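Input: a single structure, listed below in structure tokens.
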Amino acid sequence: MQIHQNYSLKKHNTFGIDVCCKYYAEVKNENEITQLLSEARFKNKSKLIIGGGSNILFTKDFDGLVINQISNRIILSSEDEKYAFVSAEAGVIWHELVLFCVNKNLGGIENLSLIPGKVGAAPIQNIGAYGQELKNVFHSLKGIHIDDLKAVNFSSSDCKFGYRDSIFKKELKSKIIITEVILRLNKYPELNTSYGIIEDELSKLKKDNITIKNVSDIVCQIRRNKLPDPQKLGNAGSFFKNPEISIEEYNLLKSKYSELPGLKVSDTVIKIPAGWLIEKCGFKGKRIGNVGIHEKQALVIVNYGNGKPEEILKLKNKIIKKVNLKFNLELQQEVNII
Ligand code: FAD
Ligand code: EPU
């Protein structure tokens, strides 16, 4: 295992921000992690685990140790009549896990196709898209506690998953290195096509037997049309979460803005697309210096190439302020700012 010093993280974050870390190591397995963390020189240093860097905004150099896992094993570990249990190491590219499952006709993550990043990060914010969330198929995970290097196991309820949320963003923030994720997938897949645009696109296929492969392909197509490719335009997906508000608050806003969209989350809570709020504030497609708001999706802040983190932070604050003034709603960021 090689440990790099004063190492640039530019190619390890999809915003393409050029910051350095004091130490950087790529690790293949749990032994290498414990060996690395046992080194005296890292004892009192900050540690940061990264995957694909697709949900991170670096704002300054990191004076500590950055660990990136390159483990890449996926196995079908067991099965019963209804379910197959698939185990993937943290360094596996998320979409490769999706393809592995789709090719075996194991249902449950096809709507999560093409989400950038690695498997180890998926539980951190309980990734979700097009009507599916990781928590719906999550069985358990394995990891290592950073402080005492003890092996840990988390069940789904231990993870306290919520919308773009988990225990790893709260009480256990930066405490656990996730090394393996085990999913419980359906051997007899039930399609989840409730998200409007998927239904619309599937009907265009004029096909009777829709498979999870069809759903996966359509999700990829929708995403390629709407979201910027980080290889070409720096971004970290949705910069903000969609606000969840009470029905009373929603009705009040709707009386002012009759076209306000909303998705029922429960009998008392409605989720509003932040992209709509940001668009209505006039930001969509706007460029300010080296950064801006994507022309097809107002939730996505983009870096045109030479953007500085301060420019992104300034734009983020401007958006929060304007949305608050216009709609009296406080946007929460989704991206991890470091
Ligand atoms: P990183 O960005 O490297 O890390 C994210 C966080 O997880 C950091 O806090 C990091 O410290 C922590 N972390 C990473 N790996 C580990 C580990 N092994 N153990 C412990 N902590 C760890 N997200 C969605 O939910 N739905 C979407 O539809 C979606 N679309 C996106 C589209 C685009 C174009 C982009 C750029 C991003 C999108 N995202 C989406 C966000 C992002 O892809 C996910 O959050 C993804 O899970 C991040 O994975 P990563 O490996 O890049 O994590
Ligand atoms: N909308 C606008 N203008 C915009 C963008 C969206 O008016 O510029 C409104 C439209 O009414 C549209 C609705 O928002 O119908 C929903 O848009 P979209 O389907 O693009 O989804 P989203 O709510 O903007 C969320 C996730 C995405 C995920 C998609 C698909 C969050 C914060 N974002 O976006 O996740 O891919 O749904 O499920 O929940 C991410 O987390 O990084 C991410 C990309």
Side-chain angles (χ1 to χ4, degrees), residues 9 12-15 27 33 47-58 66-69 71 89-95 111-134 141-144 146 163-166 168-169 172-181 195-198 219 222-244 259-263 271-280 283-285 293-302 331-338:
L9 294 168
H12 295 287
N13 72 98
T14 58
F15 258 125
V27 290
I33 296 173
K47 281 117 195 154
L48 175 69
I49 321 303
I50 60 164
S54 63
N55 209 17
I56 288 179
L57 172 62
F58 286 114
V66 171
I67 302 174
N68 195 346
Q69 293 174 81
S71 48
E89 289 182 319
V92 170
I93 302 295
W94 172 260
H95 186 61
N111 296 44
L112 306 181
S113 295
L114 220 56
I115 295 181
K118 296 187 178 181
V119 164
I124 303 290
Q125 70 159 8
N126 175 30
I127 54 168
Y130 300 101
Q132 260 173 4
E133 279 186 325
L134 178 77
L141 65 79
K142 294 180 185 172
I144 296 172
I146 290 179
Y163 163 58
R164 297 291 190 274
D165 202 14
S166 76
F168 309 107
K169 287 182 87 174
L172 291 179
K173 191 170 163 53
S174 307
K175 297 270 179 223
I176 305 290
I177 302 184
I178 296 170
T179 55
E180 192 173 334
V181 174
Y195 206 92
I197 190 166
I198 296 189
V219 168
I222 297 169
R223 296 182 70 95
R224 286 193 181 107
N225 280 336
K226 200 184 313 195
L227 292 164
D229 175 356
Q231 301 282 352
K232 297 182 185 139
L233 192 57
N235 77 93
S238 302
F239 201 93
F240 303 98
K241 295 187 203 177
N242 288 330
E244 296 185 301
E259 72 286 24
L260 176 73
L263 183 77
K271 195 189 273 180
I272 310 181
W276 187 88
L277 302 170
I278 297 169
E279 182 173 346
K280 289 292 162 218
F283 285 107
K284 195 168 181 173
I293 308 293
H294 190 48
E295 57 188 7
K296 292 188 188 162
Q297 176 38 291
L299 251 188
V300 180
I301 296 185
V302 294
L331 288 182
Q332 306 292 329
Q333 80 216 16
E334 179 192 299
V335 172
N336 300 281
I337 297 181
I338 289 164

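Remember, it's 1-based here, ligands and their atoms both numbered in the order they're listed. Small disclaimer: the values here were computed from a predicted structure and weren't measured.
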Fill in the blank from the handout: Ranking N68, I56, N336 by closest non-hydrogen atom to atom 6 (C) of ligand 1, top hit is N336
Exercise for the section: Please check if the side chain of K118 supplies one atom and the backbone of Q69 the other of a donor-acceptor pair under 3.5 Å. Expected result: yes
Handout entry: Backbone or side-chain N or O of L227 under 3.5 Å from ligand 1 N or O
Key = no
Handout entry: Residues forming a ring-ring contact (aromatic ring centres under 6.0 Å, His included) with F283, sequence neighbours excluded
Key = none
Practice task
Mark yes or no for whether N336, through its side chain, and N55, through its backbone, hold a donor-acceptor pair below 3.5 Å.
Solution key: yes
Problem - Which residues share a ring-ring contact (aromatic ring centres under 6.0 Å, His included) with H95, sequence neighbours left out - result: none
Practice task
Give a yes or no on whether the backbone of N225 and the side-chain of K296 come within a donor-acceptor separation of less than 3.5 Å.
Solution key: yes
Exercise for the section: Output the list of atoms in ligand 1 that are nearer than 4.0 Å to some heavy atom of P228, sorted by atom number. Expected result: 34 (C)
Practice task
Between G51, P116, S54, flag the one that comes closest to atom 41 (C) of ligand 1 by a heavy atom.
Solution key: S54
Handout entry: Rounded distance (nearest 0.5 Å) linking atom CG of L227 with atom OG of S238
Key = 7.0 Å
Practice task
Starting from atom 2 (O) of ligand 1, locate the nearest protein heavy atom and write down its residue, its atom name and how far away it is, to 0.1 Å.
Solution key: N55 N, 2.8 Å
Practice task
Using a strict cut-off of under 4.0 Å between a residue heavy atom and any atom of ligand 2, list the qualifying protein residues by chain and number.
Solution key: A129, Y130, Y163, R164, Y195, R223, K226, G237, S238, F240, K241, N242, P261, P273, G275, W276, E279, K284, Q297, A298, L299, E334
Completion exercise
Note: I124, heavy atoms under 4.0 Å from ligand 1, region reported as side chain
Fill in the blank from the handout: The side chain to side chain contact (heavy atoms under 4.5 Å, CB included) partners of P230 (sequence neighbours excluded) come to T14, N235
Practice task
Run the contact test for R223 against ligand 1 with a 4.0 Å cut-off on heavy atoms, strictly below, and give the result.
Solution key: yes
Exercise for the section: Please confirm whether K169 comes under 4.0 Å of ligand 1, counting heavy atoms of the residue only. Expected result: no
Problem - Heteroatom proximity flag, N126 to ligand 1, N/O under 3.5 Å - result: no
Handout entry: Within-4.5 Å side-chain heavy-atom neighbours: L134 and Q125
Key = no
Exercise for the section: Please verify whether a non-hydrogen atom of S174 lies at under 4.0 Å from ligand 1. Expected result: no
Problem - From G128, G237, G117, S113 - option closest to atom 27 (C) of ligand 1 by heavy atom - result: G128
